[in-house]
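Accompanying notes for the structure given below.
In what follows, every chain begins at residue 1, and chains take the letters A, B, ... in the order their sequences are listed.
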Amino acid sequence: MKLKKLTGSREFLLFIIVIAMFAIVSIINPAFFSFKAVTDMLRNNAVTLVMALGMLGVMLVGGIDISITSTLALSGMAIGMLLKYGHIQSTLLCFLITMGIGTVCGALVGLLISRAGVPPIIASMGFMYIYRAMGYLISHGGEWASAAALGSFKNFGTDKLLGLSKVIWVIIACYVIFFIVMKWTRIGRQVYAVGSNAEAAEVSGIKVKNIKLMVHTVMGLLAGLAGSLQVAVYASAMPNMAQGGEMDVIAACVIGGVSMSGGRGSVVGALLGALIMAMIPKALPLLHIDALWQNMIKGVMILAVVVINVILQRIANRNALARREM
Amino acid sequence: MPESQYVLELKGITKIFPGVKALNRVQFQLRPGEVHALMGENGAGKSTFIKVITGVHKAEEGEMYLYGQKVDFKGPRDAQAAGIAAVYQHATSYPDLTVAENIFMGHEIIKHGIIQWRAMNEEANKLLKRMNADFSATAEMGTLSVAEQQIVEIAKALSTNAKIIILDEPTASLTKRESEELYRIVDQLREEGVSVIFISHRFEDMYRLASRVTVFRDSQYIGTYNVDEITNADLIKAMVGREISDLFPKPEVKIGKEMLKVEGLSRTGFFKDASFTVHAGEILGFTGLVGAGRTEVIESVCGITKPDAGRVYLEGKEIHVRKPKDAMDLGIVLLPEDRQKEGLLMSWGLGRNVTLPIMGKYAKGGLNDEKKEREISKQLLEDVDTKAVDIFQPASSLSGGNQQKVVVAKALGQEMKVVIMDEPTKGVDVGAKAEIYSIMGDLAKQGYAIILISSEMPEILGMADRIVVMCNGRITGVLDRGEATQEKILDLAMEKGSTTKGGAA
Amino acid sequence: MAGKSGRSINNIPESPIKKLIFGWEGILILVFVGVNIFCKWFSEYYNMFNLLRQMPVYLAEVFLMLVMAFILVMGEIDISVGSTVCLAATLACIISNAGAPFPLVILATLAVGTCCGLVNAFILTRFPELPPMIVTLSTQIIFRGIAEIVLGSGGSVSVANTAGFKAISGKIGSVPYILFLVVLLAVVAGIILGRSTFGRKVYAIGTNRLAARYSGVAVEKIRFIIYTLMGTAAGLCALFMVASSYGANTTTGTGFEMDAIAMAVFGGISSTGGKGNMIGGFISAFIIVCLRIGLGQRNVNGQVILLIIGVLLIAAVALPNIFGSLRKAVKK
């Protein structure tokens, strides 16, 4: 019974897909089947992986946030400029600053959505413009912070702890915390409750507005964290970094089975979705497909996932109806 | 209860919403271990009153005493903590979460901040067992039937150790057998010393369960009566404020030629092999338990859903309806069951609502003729005597009964041959009911063929010329007006022989 | 009919002009005037002549807003249009370079856009349970992905024979053709949305899809038409984009969907469906166009202009809601 439930779950299916993709690519090109290749892939996709968690929370309450990469750029640019002009040196401080900026950014989006009743897509679109522009403004209109300007901070992207990149430790920490919070704490279940039936949640005493504010604030926090990771991993900060990356994050969640209408989705699903998104660009060159094809294949994949999902659901419904006796 | 003979007492409660007094100095007393029915027409203030008790609304005036102690709830949580739990009319569940989570939402079993899933599932299963439920605590709520969800809601109330449970129209969407199951559970609760407040439109519920009944009318308290002392007629009088004579003005109409004929209509999982005819001037009743497939058959005839097999004839000619518009063009007009979701656009003005299906007919070159629209809609709305100020006010500003009249007006504007009314008086107060019946009678007199889908026995017996009874997706019998009785209908509507419930659960 | 009480129901409407002036449109007109006064003060080059000269690039996006308004009124969204513009512009250049006569280039560009729209329309009507946001997100990636493949590693293409494109960016006096076209199409779209039975049905879908269906509105047919036309509008936009830069690259049209949505939403067209009108959308489009030109004349960074648009957008959607809840709170 328990096994059946596990194998029937969407996460299991995704897990199989991830393993299969990994296996096929490894067979064609054994170079991929190495610790370094895998950790490199994780490191390079740290930003998407981390932000997918925040997006999971936002989508669970039926929302969406397209301002996240603007938040990332603003917070990343902030430390980029601070480092460049020698105002700060501490890596820890950099992280705190980006996360602080991100939290404020996310909270503003959340306030607009939860308190002023603005639809999430519109609210986050407005802030997408605003934060991106602020990133430009603090960069004195388009200055970069290159690797040399970043000082010791860029080492965070390459340093290791217990044989594993620090960046990966950050990812792991985020996923572990989220997994526990979403599954085993009241606040996590309240997020699911709000997404599943906001009205009922209100009646049972859950502060729906506060939950919405919270998920957007956490989203901002993670976008800020991703700002630090982006600057560290790519050893540079520029105001147009990660532009359009929010779509990758949303796509990762969708592939991972997070419902757009709220209430459905899991941390494991988001992880697997983000991994699939990360493996596509890795896999293509190994399969001798031109990198130019990358985006189209990604798009087709997202479309295929959602369409197949609907078809499967329809078949399941039809079968359930056919079984009903009359 | 040493201080007071009542577990719950409310005095002089007044609740004001912008523009309306929803409750005007009402009172209420609940004795320990009693089942107390709360009755009144729609809009009498029952639901608002419940929300005051459960702390969802805050009353402007009045006091509330729990076990003789004055209490003042700031929100739903306070009421919950005080042992008051409500099961609302519309299931307030989380379809994506498990039964156990639904039961324990808001008071999860937690140790060191960590939810104890195993303990919660065990506890939930215990509660479900207590109510003889045959599903597990780990089942997903969305996969359960309405009745099963109702059981979960009650389990949720019990899980908070509630001493007062409020049931807001719990039987509204239950079948006969499911209602019986609910009665049993309520009996059991009473024996366990729980006090129950029971809101219902069905007299049957009240007689079966309650010992006392309190009636509200027009936001005011009318009185509290012992159930075995008050007659049906007196109770109606208390609720409506007048006696309803001649509620069913069924006119004697000569039945004309055959209008609609349905042969062997089937849709997998919903209904099978449905065949029936309806004639000009005839009112054909369609009844059966909720979920028997009545609405589904009709919706297939009207092109809302696609049947898998079967033929439909209109005036002897076979017709092929693929979408609702096809049916409407042919003159088959449906007045859907759910006014607010299917019948009307609640935020739109009445006029636009009425002309939505017909505007194409008087449009000039694709452009809407708004002057004509205003004339036509005014005429139609006045024809059915809608209590409205102007045609621009939103449909949501009307009472349920008047909304139903707008739905009727919307249908009247179309060129009809066959009129199908799906539960036209559901949630409509007694006064407006009479008006809708009289419109129905007039339509029959004018020679339209009418199909009336209804769960209300008196309505079906009072209005229909012939009665089609459905059970579990099949038509189990057709009764003539003369021979139909409540018992015969119930007999056909109940699942005879096979007692299996089907794979839906 | 039954028991008449002889009640009379009023059917004389309020003056629509009064409604416009005291509604959101009135505020928009004030904002429009304010923006022009500001620009005049801000930039010495801000005059009618320069405005008309610089307008064409910005006007191309207004085509998108005209159809996006219908989609938003339906309570839906299409975020693939920017990519459609990119693909259509790319193919327009390639077809032109292949030696096709210009009328054929025009047709082909519109056809490419329409085909992209058809893809969205087909998927969305065949699987109505899918959220438009997700479907158009994936086609957004796909359409630009195809353009990337077509453009190859260079990532850009320019038109060899610019004669035709020069011709469509011509002028009558000092008024560019595109302005005439935008105004003409806006009037047509405004009449369809506001006055026709088709438009009324679009509002019905946006207000309550189920009730619309029960009232005989062919919901999926209308959605199909609108999503297809959205693609056609993107093709038209692409044509004028190429006409202004004589080329296309992988970033052509990036963010256009958001600009079009911003114009419509700032114009009072609610993204939750059923609300707003074309007049508001049209005025707000010109507010944004004037603002861009005026600020651009003094070399204000494009990002700052986006910041201002973002603030305006948020103010436009948040303020009515905030005032609404304040009014409620005061009443209480």
Side-chain angles (χ1 to χ4, degrees), chain B residues 18 249 302 304 323-329 334 336 338-348 350-353 355-360 363 365-368 370 374-375 377-379 381-392 410 412 414 434-443, chain C residues 1-16 19 75 125 128 187-188 190-222 224-225 270 272-275 324-325 327-332:
Chain B
C302 296
I304 308 278
K323 51 183 191 292
K325 186 156 191 329
D326 294 346
M328 293 161 92
D329 289 343
L334 170 68
D338 190 331
R339 284 187 293 278
Q340 311 202 346
K341 291 207 182 99
E342 301 160 351
L344 297 174
L345 294 114
M346 299 306 280
S347 62
W348 274 25
L350 306 179
R352 290 186 165 208
N353 261 301
T355 54
L356 180 60
I358 51 171
M359 61 183 175
L367 296 187
N368 212 356
E370 298 204 2
R374 290 194 291 270
E375 284 163 16
S377 57
K378 174 184 161 81
Q379 189 58 47
L381 287 163
E382 284 176 2
D383 277 350
V384 295
D385 199 23
T386 316
K387 290 195 182 70
V389 180
D390 66 32
I391 63 165
F392 307 103
K410 187 173 164 184
L412 290 177
Q414 303 173 49
E435 293 180 62
I436 289 164
Y437 294 139
S438 122
I439 293 172
M440 207 185 298
D442 283 348
L443 289 175
Chain C
M1 286 297 290
K4 293 284 78 73
S5 63
R7 187 188 309 275
S8 170
I9 301 173
N10 176 38
N11 69 347
I12 299 150
E14 271 184 74
S15 150
K19 238 160 92 185
T125 51
V187 170
V188 171
I191 289 173
I192 293 176
L193 185 62
R195 290 273 168 269
S196 76
T197 55
F198 182 85
R200 181 70 68 79
K201 288 174 189 167
V202 172
Y203 281 101
I205 294 171
T207 309
N208 180 341
R209 185 158 306 205
L210 195 61
R213 189 168 137 73
Y214 273 84
S215 307
V217 175
V219 177
E220 298 310 329
K221 192 171 122 196
I222 288 174
F224 193 94
I225 293 171
S270 157
T272 49
K275 288 205 189 78
S325 47
R327 204 173 302 150
K328 241 190 227 161
V330 170
K331 258 189 192 163
K332 256 184 189 170

Counting heavy-atom pairs under 4.5 angstrom with chain C, the leader among B:Ala363, B:Gly351, B:Ser377, B:Pro336 is B:Pro336
Counting only N and O atoms by type, is there a donor-acceptor contact under 3.5 Å from the side chain of B:Glu342 to the main-chain atoms of C:Leu210?
no
Chain C heavy atoms under 4.5 Å from B:Lys410: which part of the residue, side chain, backbone, both or neither?
side chain
So, C:Arg213 side chain and B:Ile304 main chain: donor-acceptor pair closer than 3.5 Å or not?
yes
When rounded to the nearest 0.5 angstrom, what is the spacing between CG in C:Asn10 and CD1 in B:Ile391?
7.5 Å
Value for CZ (B:Phe392) from CD1 (C:Ile12), rounded to nearest 0.5 Å, stands at 8.5 Å
Nearest-0.5 Å distance that lies between atom OH in C:Tyr203 and atom CG in B:Leu356:
14.0 Å
Check whether B:Gln379 gets within reach of chain C through its side chain, its backbone, both or neither, counting any heavy atom under 4.5 Å.
neither
One option among C:Thr197, C:Ile191, C:Thr207 has the most heavy-atom pairs under 4.5 Å with chain B, and it is C:Thr197
When rounded to the nearest 0.5 Å, the distance separating CG of B:Leu381 from OG of C:Ser8 is 11.0 Å
Can you tell me how far the CD atom of C:Glu220 sits from the NZ atom of B:Lys323, to the nearest 0.5 Å?
12.0 Å
Given a strict heavy-atom distance threshold of 4.5 Å, which part of B:Leu334 is in contact with chain C: side chain, backbone, both, or neither?
side chain
Given that the side chain runs from C-beta out, which part of B:Thr386 has a heavy atom under 4.5 Å from chain C: side chain, backbone, both or neither?
both
Do you know which of B:Asp329, B:Leu344, B:Leu350, B:Val389 has the most heavy-atom pairs with chain C at a distance under 4.5 angstrom?
B:Val389
What distance do B:Lys325 atom NZ and C:Ser215 atom OG have between them, rounded to the nearest 0.5 Å?
12.0 Å
Proximity breakdown for B:Met328 and chain C, heavy-atom pairs closer than 4.5 Å:
side chain
When heavy-atom pairs shorter than 4.5 Å are enumerated against chain C, which of B:Gly343, B:Gly366, B:Pro357, B:Ser347 gives the highest number?
B:Gly366
Name the region of C:Ile192, side chain, backbone, both or neither, that has any atom closer than 4.5 Å to a heavy atom of chain B.
neither
Give a yes or no answer on whether the side chain of C:Asn208 reaches the backbone of B:Lys341 with a donor-acceptor pair at less than 3.5 Å.
yes
